[in-house]
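Just follow the structure's listing: the first ligand is 1, and inside any ligand the first atom is 1.
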Amino acid sequence: MLTMKDVVREGDPVLREIAKEVALPASEEDKKTLQKMLDFVINSQDPDIAEKYELRPGVGIAAPQIGISKRMFAVHVTDEQDQLYSMGLFNPKIISHSVEETHLEGGEGCLSVDRDIPGNVPRYSRITVKGTNLEGEEVTLRLRGLVSIVFQHELDHLNGIMFYDRIEDFKDKLKKELPNKV
Ligand code: UDB
Ligand code: ZN
């Protein structure tokens, strides 16, 4: 069973790598790993298990976060209409997205980041994602709201991007543009 000890933290170079495509059909080993990641997020949301193993209640985890630079992630998250998205995906890809952007009120955190980093993280409001699930089926998902933000956060991990890379730091921007004025 995966615990927080298995979660690599900020500063580990694996979090900055571009993860490699998973060869399909997925090997038994890759399926086992992805199922363990899904079990981790499910377990982390069970109050008794979370307390016993000191798990942070997570909604998603990407393979680089357990030190495996492969394009796969697991999510266990309920949308605003009470629909549960509980799945592992191999080689997920955004095939289209809205122009409109959104952000999580109160910013984002990350299982691999042990500090609070405030600021809005701009995300697409709506995305269409394609990938292959643990059953080996190709799936296409049209997502919005929290679920869409979780998928985008996990997809970023596969491309070496951390949520705070996307925070618009207006002060820093201003410093670069108007160094004499700040
Ligand atoms: C999380 N959970 O799992 F808006 F019901 C975060 C942690 C880092 C705080 C545990 C989270 O945001 N839960 C949440 C948010 C809501 C409503 C709700 C539960 N992740 C997963 C992660 O680090 N994956 O790599 C961070 C999230 C920030 C935005 C999406 C993923
Ligand atoms: Zn994260």
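Among residue pairs with one or both ends in residues 68-85, those qualifying as side chain to side chain donor-acceptor pair (under 3.5 Å) are Glu17-Ser69, Asp30-Lys70, Arg71-Asn159, His76-Ser86; sequence neighbours excluded.
Environment of OH in Tyr124: sparse, with no more than 12 heavy atoms of neighbouring residues, nucleotides or ligands closer than 6.0 Å. Enclosure of atom CZ in Arg126 by more than 12 non-hydrogen atoms of other residues, nucleotides or ligands within 6.0 angstrom is indicated.
Judged by the 6.0 Å distance and 45° axis criteria, Arg115 is positioned over the aromatic ring of Tyr164.
Side-chain contact check for Ser112 and Gln65: at least one donor-acceptor pair (N or O, by modelled atom type) lies under 3.5 Å. A side-chain donor-acceptor contact under 3.5 Å links Gln152 and Ser148.
Relative orientation of the Phe73 and Phe151 rings is perpendicular, given thresholds of 30° and 60° on the angle between their planes.
Of all protein atoms, those that are N, O or S and lie under 2.8 Å from the Zn ion (ligand 2) total 3.
Residues with a heavy atom under 4.0 Å from ligand 1: Arg56, Pro57, Gly58, Val59, Gly60, Gln65, Leu104, Glu108, Gly109, Cys110, Leu111, Leu146, Val150, His153, Glu154, His157.
Partners of Glu28 according to the salt bridge (Lys or Arg N to Asp or Glu O under 4.0 Å) rule, which considers only residues two or more places apart in sequence or in another chain, are Lys31.
Using modelled atom types, no side-chain atom of Asp165 and backbone atom of Ile161 make a donor-acceptor pair closer than 3.5 Å.
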